[in-house]
K.L.:
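Could you have a look at this structure, given as structure tokens, before my questions?
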Amino acid sequence: MPVDVIIVGAGPAGIACAVQLKHQGVNFVLLESKRIGGLLVNANLVENMPLLPPLSGAEAVGLLKEKLKDLEIKVTYSTVTSIEKSGNVFNVTHSSGRLSARYVVIATGTVPKRIESFEVSPKVVYEPLELFSVSEKKIAIAGSGEAAFDSALSLSKSNRVTLFTKHSEFHISPHLHSRVAKNEKIVIMHSNPIKRVCEKGDKLLIMAGSFKDCYDNLLISIGRKANRRLLSPELLNDKRIFLAGDVKHGKLGQVAIALGNGIEVAQNIVSYLRNKT
Ligand SMILES: Cc1cc2nc3c(=O)[nH]c(=O)nc-3n(C[C@H](O)[C@H](O)[C@H](O)COP(=O)(O)OP(=O)(O)OC[C@H]3O[C@@H](n4cnc5c(N)ncnc54)[C@H](O)[C@@H]3O)c2cc1C
């Protein structure tokens, strides 16, 4: 028997959708490949949610987990590998089985833009989370956007950080910029992007213009793009497939928008189900 809805991804968008469907009495399965809360755990300080005080990403994920627990919403840990349409249902194959549903919500977020030539060792990462347990180290960050600056603040709590930026002007909030500029453990290398990375002993040798120095880790934070690998052009245009959160906008967005999108998609599905379309 198909379920009404399969939600792919338990980040903020997928969770908001699940919570709303639960309130509306719709049956669904919520599938997640890695961790509840998605990218949000990486955030240093989430200050832009009007109904909540400023929270760390980890605290915000804690609230999402509590909500799932209170409403007895189960998360199935499994990676969706393909979606195929057959008549009026979608067959969803995931790493531990196969399910079918009348509607599918894609809340798969984003994937990082990569620089493959810099991926010389496991010391090169794409999410600050992977370095949260590191201390007393020298960390280089490649990037000029909000996520790169936000990550510099998180990682500077126990490390020294150098930000290598492509531009001298940044499209980030003045508040975030001034917090980074005032932080004595963060150095900004303006308009000096990293050109080459290689291993030197147990360190990474980083070269940018005429500058070279050794670092313990490199975080690449040069942007993200929509994670739409499950969607063929036909599925993308199918009115029973819904996109919610960052995957919809095609880039790293804001958690409040992802939450709102998840709720909106759930409400649309509820009205389709009531009208039996
Ligand atoms: C460093 C940093 C700081 C940030 N700071 C802020 C901030 O201060 N304020 C703010 O509003 N936003 C902030 N954000 C952005 C915010 O985290 C994202 O906008 C939000 O997490 C998007 O939610 P989402 O549910 O759309 O996607 P995601 O959080 O990316 O979740 C997608 C989920 O889908 C899962 N998934 C993907 N593919 C599959 C598959 N095939 N099968 C099963 N599961 C799958 C992933 O594992 C993931 O858990 C920050 C982001 C970063 C990186």
Side-chain angles (χ1 to χ4, degrees), residues 6-19 29-52 54-61 64-65 68 75-83 92-97 99 104-113 125-132 141 143 145-155 163 172-173 175-176 179-180 219-231 242-265:
I6 290 174
I7 305 169
V8 188
I15 291 173
C17 182
V19 166
V29 174
L30 175 57
L31 292 161
E32 167 56 45
S33 60
K34 268 201 238 158
R35 55 174 188 255
I36 292 173
L39 264 194
L40 183 56
V41 69
N42 288 289
N44 175 55
L45 195 63
V46 183
E47 299 181 279
N48 56 352
M49 292 205 282
L51 287 174
L52 293 171
L55 296 167
S56 70
E59 287 168 331
V61 170
L64 293 177
K65 285 184 179 166
L68 292 174
V75 177
T76 302
Y77 285 94
S78 198
T79 301
V80 173
T81 49
S82 72
I83 302 172
V92 173
T93 306
H94 57 101
S95 38
S96 35
L99 288 163
V104 178
V105 177
I106 305 290
T108 49
T110 51
V111 286
K113 291 186 182 164
V125 300
Y126 285 94
E127 281 188 48
L129 174 67
E130 294 180 65
L131 302 177
F132 280 177
I141 300 180
E146 296 260 350
F149 276 69
D150 187 84
S151 302
L153 285 174
S154 299
L155 297 173
L163 256 171
I172 63 170
S173 74
H175 178 53
L176 180 58
R179 283 171 65 207
V180 170
L219 168 67
I220 302 176
S221 179
I222 55 163
R224 302 185 65 91
K225 55 185 181 185
N227 179 6
R228 293 188 182 171
R229 55 180 69 139
L230 293 170
L231 294 170
F242 293 84
L243 271 60
D246 285 359
V247 70
K248 182 171 180 177
H249 305 292
K251 55 181 183 178
L252 187 63
Q254 301 291 311
V255 65
I257 297 173
L259 294 169
N261 270 176
I263 293 171
E264 185 184 17
V265 157

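Just so you know, ligand 1 is whichever comes first in the structure, and atom 1 is the first atom listed for that ligand. Only this structure's heavy atoms are used, side chains among them; waters, hydrogens and symmetry mates stay out. One-based numbering along the sequence shown.
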K.L.:
Which one holds for Ser154 and ligand 1: side chain close, backbone close, both close, or neither close, with close meaning a heavy atom under 4.0 Å?
P.N.:
neither

K.L.:
For Leu45 and Ser56, work out which heavy atoms get closest and say how close.
P.N.:
CD1-N, 4.3 Å

K.L.:
Tell me whether Asn42 has any N or O atom under 3.5 angstrom from an N or O of ligand 1.
P.N.:
no

K.L.:
Between Glu146 and ligand 1, find which residue part has any heavy-atom pair under 4.0 Å and reply side chain, backbone, both or neither.
P.N.:
neither

K.L.:
Would you say that Lys248 contacts Ile257 through its side chain, given a criterion of any heavy-atom pair below 4.5 Å between the two side chains?
P.N.:
no

K.L.:
Does any part of the side chain of Ile222, heavy atoms only, come nearer than 4.5 Å to the side chain of Tyr126, both counted from C-beta?
P.N.:
no

K.L.:
Shortest non-hydrogen contact from Pro128 to Ser151?
P.N.:
CG-OG, 3.3 Å

K.L.:
Which part of Ser221 is near ligand 1, with near meaning a heavy atom under 4.0 Å away: side chain, backbone, both or neither?
P.N.:
neither

K.L.:
Among protein heavy atoms, which sits nearest to atom 27 (O) of ligand 1, and what does the distance come to when rounded to 0.1 Å?
P.N.:
Gly109 CA, 3.4 Å

K.L.:
Using a strict 4.0 Å cut-off to heavy atoms of Val8, name the atoms of ligand 1 that fall inside it.
P.N.:
40 (C), 42 (N), 43 (C)

K.L.:
Which residue holds the protein heavy atom closest to atom 36 (N) of ligand 1, what is that atom called, and what is the gap in Å?
P.N.:
Ser33 OG, 3.7 Å

K.L.:
Using heavy atoms and a threshold below 4.0 Å, how should the contact between Ser151 and ligand 1 be classified: side chain, backbone, both, or neither?
P.N.:
side chain

K.L.:
Under 4.0 Å from a heavy atom of Asn227: give me the atoms of ligand 1 that qualify, with their elements.
P.N.:
37 (C), 38 (N)

K.L.:
Do Leu155 and Ile141 have side-chain heavy atoms sitting under 4.5 Å apart?
P.N.:
yes

K.L.:
Considering heavy atoms of the protein only, find what lies nearest to atom 28 (P) of ligand 1 and give residue, atom and distance to 0.1 Å.
P.N.:
Leu39 N, 3.8 Å

K.L.:
Taking it one step at a time, do Asn44 and Arg179 satisfy side chain to side chain contact (heavy atoms under 4.5 Å, CB included)?
P.N.:
CA-CA 12 Å; Asn44 175 55; Arg179 283 171 65 207; 3.1 Å; yes

K.L.:
Write down the atom of Ala13, the atom of Ala107, and the distance for their closest heavy-atom approach.
P.N.:
CB-CB, 4.1 Å

K.L.:
When you compare the side chain of Ile172 with that of Val180, does any pair of heavy atoms fall below 4.5 Å?
P.N.:
no

K.L.:
The test is side chain to side chain contact (heavy atoms under 4.5 Å, CB included); show your working for Lys225 and Val111 and say whether it passes.
P.N.:
CA-CA 6 Å; Lys225 55 185 181 185; Val111 286; 4.0 Å; yes

K.L.:
Could you tell me whether the side chain of Val41 reaches within less than 4.5 Å of the side chain of Arg35, counting heavy atoms only?
P.N.:
yes

K.L.:
Flag Leu252 as yes when one of its N or O atoms lies below 3.5 Å from any N or O atom of ligand 1, and as no otherwise.
P.N.:
no

K.L.:
Main chain of Thr79, side chain of Ser95: is a donor-acceptor contact present, judged purely on distance under 3.5 Å?
P.N.:
yes

K.L.:
When rounded to the nearest 0.5 angstrom, what distance separates CG in Leu40 from CG in Leu55?
P.N.:
9.0 Å

K.L.:
Go through ligand 1 atom by atom and flag the ones less than 4.0 Å from a non-hydrogen atom of Lys34.
P.N.:
47 (O)

K.L.:
Hey, does the side chain of Ser78 reach the backbone of Leu31 with a donor-acceptor pair shorter than 3.5 angstrom?
P.N.:
no

K.L.:
Among all protein heavy atoms, pick the one closest to atom 48 (C) of ligand 1 and tell me residue, atom and distance.
P.N.:
Glu32 OE1, 3.6 Å

K.L.:
So is Val247 touching ligand 1 or not, going by heavy atoms under 4.0 Å?
P.N.:
no

K.L.:
Please identify which atoms of ligand 1 are closer than 4.0 Å to at least one heavy atom of Arg35.
P.N.:
49 (O)

K.L.:
Decide yes or no on side chain to side chain contact (heavy atoms under 4.5 Å, CB included) for Leu252 and Glu146, but give the supporting numbers first.
P.N.:
CA-CA 10 Å; Leu252 187 63; Glu146 296 260 350; over 6 Å; no

K.L.:
Show which atoms of ligand 1 fall inside a sub-4.0 Å distance from at least one heavy-atom site of Thr79.
P.N.:
41 (N), 42 (N)

K.L.:
Which residue owns the protein heavy atom closest to atom 41 (N) of ligand 1, what's the atom, and how far is it?
P.N.:
Val80 O, 3.0 Å

K.L.:
What's the spacing between Ser82 OG and Leu230 CG if we round to 0.5 Å?
P.N.:
8.0 Å

K.L.:
Looking at Asn227, is its backbone amide N or carbonyl O close enough to the side chain of Thr108 to form a donor-acceptor pair, meaning the two atoms are under 3.5 Å apart?
P.N.:
yes

K.L.:
So do the side chains of Glu127 and Leu39 get within less than 4.5 Å of each other, counting heavy atoms only?
P.N.:
yes

K.L.:
If we only count N/O pairs under 3.5 Å, is Ala13 in contact with ligand 1?
P.N.:
yes

K.L.:
Any N or O of Leu230 that comes nearer than 3.5 Å to an N or O of ligand 1?
P.N.:
no

K.L.:
In the protein, which heavy atom is nearest to atom 32 (C) of ligand 1, and how far is it?
P.N.:
Ala107 O, 3.4 Å

K.L.:
Looking only at distances, please establish whether an N/O atom of ligand 1 is found under 3.5 Å from an N/O atom of Gly14.
P.N.:
no

K.L.:
Give the residue and atom name of whichever protein heavy atom lies nearest to atom 22 (C) of ligand 1, and the separation in Å to one decimal.
P.N.:
Asp246 OD2, 3.2 Å

K.L.:
Side chain of Asn261, backbone of Gly245: donor and acceptor closer than 3.5 Å?
P.N.:
yes

K.L.:
Return the option from Ala10, Gly11, Ala152, Pro12 holding the heavy atom at the smallest distance from atom 21 (O) of ligand 1.
P.N.:
Pro12

K.L.:
Under 4.0 Å, heavy atoms only, figure out whether ligand 1 is touched by the backbone of Ile257, its side chain, both or neither.
P.N.:
neither

K.L.:
Just heavy atoms, cut-off under 4.0 Å: does Asn44 contact ligand 1 by side chain, backbone, both, or neither?
P.N.:
neither

K.L.:
At under 4.0 Å between heavy atoms, is it the side chain or the backbone of Ala258 that contacts ligand 1, or both, or neither?
P.N.:
side chain

K.L.:
Taking atom 15 (C) of ligand 1 as the point of reference, which of Ala43, Gly253, Gly245 owns the nearest heavy atom?
P.N.:
Gly253

K.L.:
Answer with side chain, backbone, both or neither: which part of Ile15 has a heavy atom less than 4.0 angstrom from an atom of ligand 1?
P.N.:
neither

K.L.:
Is there a donor-acceptor pair closer than 3.5 Å between any side-chain N or O of Asn42 and the backbone N or O of Leu129?
P.N.:
yes

K.L.:
Under a 4.0 angstrom heavy-atom cut-off, which atoms of ligand 1 come close to Thr108?
P.N.:
32 (C), 34 (O), 37 (C), 38 (N), 39 (C)

K.L.:
May I ask you to check whether Asp150 has an N/O atom sitting below 3.5 Å from an N/O atom of ligand 1?
P.N.:
no

K.L.:
Looking at non-hydrogen atoms alone, which of Asn48, Asn261, Leu45 comes nearest to atom 8 (O) of ligand 1?
P.N.:
Leu45

K.L.:
Does Gly57 have a heavy atom less than 4.0 Å from any atom of ligand 1?
P.N.:
no

K.L.:
Considering heavy atoms of the protein only, find what lies nearest to atom 7 (C) of ligand 1 and give residue, atom and distance to 0.1 Å.
P.N.:
Val46 CG2, 4.1 Å

K.L.:
Would Val255 count as a polar contact of ligand 1, with the cut-off being nitrogen or oxygen pairs under 3.5 Å?
P.N.:
yes

K.L.:
By number and element, which atoms of ligand 1 are closer than 4.0 Å to a non-hydrogen atom of Gly38?
P.N.:
29 (O), 31 (O), 48 (C), 49 (O)

K.L.:
Side chain to side chain contact (heavy atoms under 4.5 Å, CB included) for Ile6 and Val80? Distances and angles first, verdict last.
P.N.:
CA-CA 10 Å; Ile6 290 174; Val80 173; 5.5 Å; no

